[in-house]
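The basis for the numbers below is simple: all heavy atoms, side chains too, and nothing from hydrogens, waters or symmetry mates. Computed from a predicted model, the values in this text were never measured in an experiment.
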Amino acid sequence: MYDFLLIVSLVVFAATVIAYLRHPAASLAHPASFYLVFHGFVFVLRPFVARYYEFDFVYRLYDFQPSMDDKITVILGANLAMLVFVATTLWIGSRPARPVPREQADRMRAKLFWPIIVSVGLFTPLALYSQLGSWVSRSNHFETMVRDAATGNMVNIQGNGWFTDSALMMAPMAVMMVWLSRYRWWGWAYFAGFAFLQAGTGTRHAIIFAFAAVAIGWLLERDRKWFDWRAVVLALVAAVAFNQIVVDRGGAVRSLIVEDMGPDYIDEQSLDPLEHMDFASLEYFEYIVYAVPQRTGTYDYFAHVLQVFTEPVPRVLWEEKPVGSPVKMFSLWDYGRPVGMTASMPGIGWMSLGYPGIIIQSAIFALIFGGLYRYLLVSRASALARLAYSLAIAMTVLGFRDGTLLTLLRTFPFYFGPLVVALLLARFAFGPYSRATIVPQADTARNFLEQTPAERRKALAARSLDGPARRVN
C-alpha cells in the first residue's frame, strides 16, 4: 500500500509541475517554484531513496517507530500542503513579473551606492565580531546554547541572542554588494569573505540564502524566467558547500586558520545516501504524526504562534521568560528524543490541527510569499523591489524547512535590516524628490555611473538650467 502511495505521490507531483509550467506566471522566481523544489526533493524523491535503503537512523535516534498509518498520513499531508500552497500562490501571483528597464537599475544603483556602502560599513564590524565569536566557540567545542530538559528547546546561556544572530547580516550585505557592483569582482570579493566566515561557523542556511538571493536577483535583472548558466554554477557551488558543512560543521574551514578541536559530527560511511538529518523532514513529520494527537491527546491549536510575542524580549531583561511558547499543550519530548527536529510547513500544520491545520498553515505561507511576489514584482516592479524580493524569496529556504512564522520573524531583522537602513540613509540624505535622484536625459545611466562626483554635479546643474529633468522612480 505504501509503495503504491509513493507512486501516486510521484504522479500527483509530476501533474502539478506540468500544470504549473503551463501557467503564464510560472518562473524560477515564483514562490510556487521554490516550494515544488522543496516538496519534490523532501517528500517525493527522498521517500523512494528511504524505502530502497530502509532508513532507520532518525528512528533509532528519536527512539520511535512510525506505523504504516503514520507513514501514509505523512505522504497525504505533504501532498495536501503542496496543492494548497501552489494553488494559493498562483491565485495571488497570477501574473508574470513586470519587466524593468535596465537603465532604471543603473539609476537606482547610483542613488543607493553610498547609502549601501555606509550601511555595510556600519554593520560589517558587528557581524564580523559575531562570526569570529562563533568560530572560537566551535573550534574550542564550546556551545552557548543548551537544551532545556523539560521542553527540549534551545536556550542561550551566554551573551545575547540578538548579538549572536547578527552574524546573519553578512548574508544580505553580501547580496547587496554583488547587486551594487553589477555582479563584478569587487562585489564577489565581499561575498567570498562572507561565505568563508559563515562556512567556518558550521551553519548552512545563511549561505544557501545568499546564493539563492543572488541567483534570483540575476535572473530578474536579465529578465530570465528560468535557468541561466551562471545561476546553475551558483547552485552547484552552494550544493558542494552545503554538503561539506553538513559533514564536519565547518571543521575543515576552521582548520585552515586555527586548530580545530570540534567533534566530528557525521561519519559519511555509516549513513546511506541522503539519510543525514539535514534532509530528514520526512522522518520529522512522521514523528509528529506518531505523537500528535495519538499520544498527546490533543493538537497544538496554533498556540506555538504566541512565542512570536515573547521571543523578541532578551532573557537578561526577563529572567522568567517562558522557554518556547508561553502556552504549551504538550511537549514532543515526552514521547521520544526529537534532537534537532525541524517540523516543516506541513508538519507544523498537522501539529496545529491535523489536515485542516495543514491547509491553514500552507495558506498562510502562500499568502505571505505570494503577496510579496504580487506586490514587489507585479505592482511595484522596480529595480529596488526586485532586490527586496530576492532577499524575501530566499527566506523560503529556511521557512519551508522549519515551517513556523516565528522562524520568518526571527530572521527578518537580520536579513532585511541592512537594506532598510540603507533606504533610510538614502531618504535622509536625498529625500524622495531631491536633485540627487535627477538623471540627465542626455547621458546614459552607465555614463552617469562612471562620471566623477564633480562631473555629476556639473551635469546635474546644467540640466536643471536647460530644462525639465527625469527623476528616478
Side-chain angles (χ1 to χ4, degrees), residues 27 29 96-121 172-191 210 213-225 228 230-231 234 376-394 418-464 466-473:
S27 72
R98 286 170 52 195
V100 176
R102 178 70 180 274
E103 292 77 11
Q104 187 190 100
D106 290 333
R107 293 197 302 269
M108 186 57 66
R109 285 188 177 94
K111 178 180 179 179
L112 291 181
F113 182 85
W114 285 113
I116 287 181
I117 293 296
V118 172
S119 178
V120 171
M173 289 191 293
V175 176
M176 290 160 57
M177 290 296 288
V178 171
W179 177 83
L180 190 65
S181 69
R182 294 202 294 268
Y183 303 89
R184 291 183 293 188
W185 69 268
W186 57 271
W188 286 107
Y190 187 96
F191 191 101
V214 169
I216 293 301
W218 171 263
L219 291 175
L220 288 173
E221 182 150 339
R222 301 300 177 185
D223 289 320
R224 301 280 185 90
K225 294 188 67 173
D228 176 274
R230 300 170 186 82
L234 276 177
L376 294 174
L377 297 190
V378 179
S379 298
R380 299 284 295 180
S382 67
L384 178 59
R386 286 184 166 188
L387 174 61
Y389 181 78
S390 299
L391 298 177
I393 196 63
L419 178 59
V420 171
V421 170
L423 296 180
L424 291 175
L425 288 173
R427 189 176 184 87
F428 176 77
F430 304 137
Y433 301 107
S434 72
R435 282 180 49 179
T437 66
I438 299 173
V439 179
Q441 289 182 336
D443 296 327
T444 64
R446 183 178 299 276
N447 289 337
F448 186 71
L449 277 173
E450 294 174 353
Q451 291 173 349
T452 65
E455 291 173 335
R456 292 180 188 177
R457 287 193 296 269
K458 183 178 179 180
L460 290 170
R463 186 59 186 167
S464 64
D466 292 341
R470 181 174 55 186
R471 298 183 184 277
V472 176
N473 293 324

(message) So which atom in Ala422 and which in Pro115 form the shortest heavy-atom distance, rounded to 0.1 Å?
(response) O-CB, 3.3 Å

(message) Distance check, rounded to the nearest 0.5 Å: Arg386 atom CZ versus Arg98 atom CZ?
(response) 10.0 Å

(request) Could you list the residues that satisfy side chain to side chain contact (heavy atoms under 4.5 Å, CB included) with Val178, not counting sequence neighbours? (result) Tyr183, Trp188, Phe191, Val214

(request) Verify, without hydrogens or angle tests, whether Ser119 (side chain) and Val421 (backbone) share a donor-acceptor contact under 3.5 angstrom. (result) no

(message) Using 0.5 Å steps for rounding, measure from the CD1 atom of Ile116 to the CE atom of Met173.
(response) 11.5 Å

(request) Compare every heavy atom of Gln104 with every heavy atom of Ala381, then report the nearest pair and how far apart it is. (result) O-OE1, 4.3 Å

(message) Distance check, rounded to the nearest 0.5 Å: Leu387 atom CG versus Leu112 atom CG?
(response) 8.5 Å

(request) Taking the six-membered ring of Trp218 (Phe, Tyr or Trp), confirm whether the NZ or CZ of Arg222 is under 6.0 Å from its centre and within 45° of its axis. (result) yes

(request) Run the numbers on Asp106 and Arg182 for side-chain contact (heavy atoms from CB on, under 4.5 Å), then give the verdict. (result) CA-CA 9 Å; Asp106 290 333; Arg182 294 202 294 268; 3.5 Å; yes

(message) Could you tell me if the side chain of Met108 sits less than 4.5 Å from the side chain of Glu103, heavy atoms only?
(response) no

(request) Measure the spacing between CD of Glu221 and OG of Ser390 and express it to the nearest 0.5 Å. (result) 9.5 Å

(message) Quick one, Met176 and Pro418 - any side-chain contact, counting heavy atoms below 4.5 Å?
(response) yes

(message) Just to verify, what does Ala29 make a side chain to side chain contact (heavy atoms under 4.5 Å, CB included) with, not counting sequence neighbours?
(response) Ser27, Ile216, Leu220, Tyr389

(message) Tell me every residue that passes side chain to side chain contact (heavy atoms under 4.5 Å, CB included) with Ile117, counting only those two or more places apart in sequence or in another chain.
(response) Phe113, Trp114, Met177, Leu180

(request) Please check if the side chain of Arg184 supplies one atom and the backbone of Ser181 the other of a donor-acceptor pair under 3.5 Å. (result) yes

(request) Kindly give the heavy-atom pair with the smallest separation between Ala213 and Val175, and that separation in Å. (result) CB-CG2, 3.8 Å

